[in-house]
There are 2 protein chains.
Amino acid sequence: MGVNVPALRSHNAALVLDLLRTAGETGISRLELAERTGLTPQAVSKITARLRAEGLATEAGHRASTGGKPRTVLRMVPSAAYAVGVHLDRDELTALLTDLAGAVVALRRRPVDLGAGAGPVLDAVTEEVRALLADPPGSVLGVGLAMPGPLDHRAGVPGRVTGFPEWAGHPVRDELAARLGLPVVLDKDTNAAALGLALRPTAPGSFAYVHLGTGLGAGLVLGGAPLRGDRTGAGELGHQTVQLDGPPCGCGGRGCLEVLCLAAVARGELPEAARILGTGAANLVRLLDIDQVLLGGRVVLAAPSVFAEGVRGVLAGLGLSAPVGLATGRDAVAEGAAWLTLAPVFGKQAEL
Amino acid sequence: MGVNVPALRSHNAALVLDLLRTAGETGISRLELAERTGLTPQAVSKITARLRAEGLATEAGHRASTGGKPRTVLRMVPSAAYAVGVHLDRDELTALLTDLAGAVVALRRRPVDLGAGAGPVLDAVTEEVRALLADPPGSVLGVGLAMPGPLDHRAGVPGRVTGFPEWAGHPVRDELAARLGLPVVLDKDTNAAALGLALRPTAPGSFAYVHLGTGLGAGLVLGGAPLRGDRTGAGELGHQTVQLDGPPCGCGGRGCLEVLCLAAVARGELPEAARILGTGAANLVRLLDIDQVLLGGRVVLAAPSVFAEGVRGVLAGLGLSAPVGLATGRDAVAEGAAWLTLAPVFGKQAEL
DNA sequence: TCCACTTAAGCAACGCTGTTGCCAAAGTGC
DNA sequence: GCACTTTGGCAACAGCGTTGCTTAAGTGGA
């Protein structure tokens with residue numbers, strides 16, 4: 001909790017590297033970095049010199065002069081390091097390799113059955129990750145693994161995944177780390193997706209990633225940081241009561257959003273499902289004062305405009321101005337999983 | 001955003017001072033401070049020497065020896081500084097003076113009518129604060145002012161307070177600061193109360209303060225920090241939809257928690273009101289993975305056990321283990337308001 | 001073409017941070 | 001009484017960002 005001088009140094013270095021990252025291909029000059037960080041230009045020069053010496057940054061041309069020496073443009077070097085992201089879903093495994101900028105370099109997919117138990121499934125994960133790393137791309141930071149909740153991201157252990165009791169308590173993170181010889185970070189699928197979305201250069205400060213697939217969940221990003229909660233339980237949108245004394249749910253409650261929404265989907269009433277989802281989204285927007293809602297998950301992606309329009313309609317009807325968007329696509333969770341290991345490089349989510 | 005050496009110094013000093021504060025009367029030794037902060041004992045010695053020189057800390061006895069030189073106990077000096085907290089409610093004004101530890105030193109109360117307009121009401125606030133400070137207690141850090149929402153805590157300006165349109169946009173913070181010659185911080189009543197509760201030494205990391213008075217709102221504390229949102233809108237619990245297509249609400253929605261809950265109160269059905277409130281609280285606990293629910297507000301305090309038991313029952317029925325408590329009492333908001341100016345001294349809520 | 005001017009960025013000296021190594025102070029217990 | 005343990009201050013130190021100055025590299029008017 002206390003900060004000493006080396007900690008200060010690495011904090012500022014991470015801050016500068018993050019600005020280089022978000023500047024992307026465009027790059028950014030030393031003086032802009034100084035303005036954005038509040039540090040003096042001289043300090044930025046020192047920090048960027050170290051980053052260049054480590055191969056993390058490079059000079060890339062000049063800006064137009066404004067009457068004096070033109071600013072030198074600096075850029076991050078994405079190939080300086082790589083990370084693996086794994087999305088372990090109930091029936092499918094997606095593993096991908098990204099560079100330091102989060103761009104997908106390679107991808108592998110195969111069907112799996114979570115019900116087959118931890119041993120065989122982790123065998124499959126190990127195989128796919130080894131295959132990705134067979135052609136060694138350079139320094140690999142680690143592996144991010146995203147699974148359906150509930151789980152404990154600090155211990156790296158799944159909880160009672162609905163329908164897959166044998167996973168509960170299995171030391172997934174440590175076992176995979178031992179097999180691969182790489183650091184592994186475990187998190188909930190929705191949290192991983194939200195993290196990946198949160199670190200896009202254009203991301204708003206606070207938003208919710210609402211995922212409608214085999215279940216209904218959300219990843220919450222508040223003030224730039226994902227909210228996990230002490231028990232990795234945050235984002236349990238599916239079991240919000242939106243119908244007092246409504247139909248019972250397996251969770252013990254009644255009128256849960258997930259039950260109502262998925263029932264509408266099952267009936268084929270997608271606009272009604274979108275309206276129910278919109279009510280849940282509106283509750284989020286109002287309770288947390290967030291800037292944006294991003295929809296994702298298989299059910300949404302099967303009829304994106306129906307859901308986007310439906311949710312948008314509910315928010316507009318309540319006078320809420322938060323825009324509604326769609327999350328990138330099929331691999332949002334796996335890409336976010338890679339960010340679980342990339343993020344610390346940029347000083348994000350220090351405490352996992 | 002960047003951190004330089006003086007910033008590091010003040011950060012560590014605030015950190016140490018906060019540990020002294022939470023240690024309270026008991027005090028804490030230099031070595032414990034070193035363990036808790038991660039700093040070396042020598043660094044802690046230097047920092048505490050400065051704090052003692054500034055009069056913020058003092059030595060207070062010794063611990064029992066464990067085989068060597070006994071540890072010297074350090075304590076914060078609460079009388080080193082004071083702060084004013086003002087709770088401006090729809091019909092009542094509470095102003096109090098606290099010391100650096102947040103203990104109430106003096107209190108004044110009078111009826112007001114928010115509808116009388118900003119001018120006369122701010123006159124009354126000015127009078128009461130001046131009266132509190134008539135017998136000057138020492139260094140006064142500033143004034144925290146808590147009002148019903150909506151408002152903009154960054155600009156220090158109320159929004160459209162329901163039923164009191166003339167307050168909208170009035171520069172309350174700046175005007176009061178000019179009148180009193182002291183820094184003023186404005187925040188929503190529920191946020192102030194939550195802040196005060198969050199800074200108690202025994203507070204859990206994440207909790208919700210649920211306030212049921214003339215309206216229904218919540219103050220959310222996540223990971224030790226109050227959540228306000230960019231528009232100070234976070235905590236709008238009252239307009240969470242918990243009854244799809246339920247009775248209409250003035251907000252444009254249907255089945256809002258506030259409408260249902262207050263209707264039950266109006267019918268005299270307090271257990272039913274508690275059950276509805278409990279449903280809202282359960283939604284909070286699940287969505288945000290919080291550790292505790294604290295109930296407050298006039299309606300709750302009029303029948304505390306009914307509401308506490310009712311909410312507790314709903315949570316227990318859903319298998320949620322978060323304990324339900326009652327917020328201290330009538331002046332929770334005013335005491336929290338004082339913390340709006342005290343908190344920065346301890347490195348809390350840097351960004352207001 | 002020249003030259004004054006502006007802006008960018010590195011070099012060197014500096015102040016200040018927390019750290020390290022050492023030692024005095026103040027207890028315990030054989 | 002003495003060996004031992006633990007606390008906490010003193011002094012020297014490495015390393016951070018800052019300050020003052022210099023050099024590099026442009027623009028634009030005479």
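Scope of the values below: all heavy atoms of this structure, side chains included, with no hydrogens, waters or symmetry mates. Just so it is clear: chains get the letters A, B, ... in the order the sequence lines come, proteins before strands, and each one is counted from 1.
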Report task. Without swapping roles, check the side chain of R173(A) against the backbone of R154(A) for a donor-acceptor pair under 3.5 Å. Result -> yes
Report task. Could you tell me the separation between the CZ atom of R71(A) and the P atom of dG26(D), rounded to a whole number of Å? Result -> 15 Å
Query raised in the report: With respect to the side chain of T72(B), which nucleotide from dT7(C), dG17(D), dG8(D) is positioned closest?
Result: dG8(D)
Query raised in the report: How long is the line joining NE2 of H11(B) and C1' of dG18(C), in whole Å?
Result: 14 Å
Query raised in the report: Can you tell me how far P of dT20(C) sits from CG of L39(B), to the nearest Å?
Result: 12 Å
Query raised in the report: Ignoring hydrogens and geometry, is there a side-chain-to-backbone donor-acceptor pair from S29(A) to R71(A) under 3.5 Å?
Result: no
Query - Residue-phosphate contact under 4.0 Å: R30(A) side-chain N/O, dA8(C) OP1/OP2 - result: no
Query raised in the report: Of the nucleotides dG17(D), dA25(D), dG18(C), which one has an atom closest to the side chain of N12(B)?
Result: dG18(C)
Query raised in the report: In terms of side-chain heavy atoms, does Q42(B) have a donor or acceptor partner in S45(B) at a distance below 3.5 Å?
Result: no
Query raised in the report: Of all the choices, dG17(D), dA9(C), dG18(C), which nucleotide is nearest to the side chain of A43(A) once you look at every atom?
Result: dG17(D)
Query raised in the report: Atom CD of E59(B) and atom C1' of dG8(D): how far apart are they, to the nearest Å?
Result: 10 Å
Report task. Give a yes or no on whether the backbone of L33(B) and the side-chain of T37(B) come within a donor-acceptor separation of less than 3.5 Å. Result -> yes
Query raised in the report: Taking for each residue the nucleotide of DNA chain D bearing the nearest heavy atom, is the 5' side occupied by T40(A) or by P70(A)?
Result: T40(A)
Query raised in the report: N4(A) side chain: which of dT19(D), dG8(D), dG18(C) is closest?
Result: dG18(C)
Query raised in the report: Just how far, in rounded Å, is P of dG8(D) from CZ of R52(B)?
Result: 10 Å
Requested in this report: Quickly work out the L31(A) CG to dT7(C) P distance and round it to whole Å.
Outcome: 11 Å
Report task. Identify whether any heavy atom of R50(A) sits under 4.0 Å from a base atom; if not, whether one sits that close to sugar-phosphate; answer base, sugar-phosphate or nothing. Result -> sugar-phosphate
Please list, pair by pair, any protein nitrogen or oxygen found under 3.5 Å from a nitrogen or oxygen in nucleotides 11-14 of chain C.
from    : atom 1 : to     : atom 2 : distance (Å)
dC11(C) : N4     : Q42(A) : OE1    : 3.0
dC11(C) : N4     : Q42(A) : NE2    : 3.1

Query raised in the report: Can we say R179(A) and E175(A) salt-bridge, meaning some charged N sits less than 4.0 Å from an Asp/Glu carboxylate O?
Result: yes
Requested in this report: Nearest whole angstrom, please: distance from the C1' of dT7(D) to the CD1 of I28(B).
Outcome: 15 Å
Report summary line: note: L15(B), atom CG; dG18(C), atom P; distance rounded to Å ~ 11 Å
Query raised in the report: For S29(B), which contact category applies under a 4.0 Å heavy-atom criterion: base, sugar-phosphate, or nothing?
Result: nothing
Query - Identified side-chain contact (heavy atoms from CB on, under 4.5 Å) counterpart of W339(B) within the set L195(B), L197(B), D187(B) - result: L195(B)
Requested in this report: Find which nucleotide of DNA chain C each of T66(A) and V44(B) is nearest to by heavy atoms, and output the residue with the more 5' nucleotide.
Outcome: T66(A)
Report task. Taking only Lys NZ, Arg NE, NH1 and NH2, and the carboxylate oxygens of Asp or Glu, determine whether K348(B) and D18(B) approach each other closer than 4.0 Å. Result -> yes
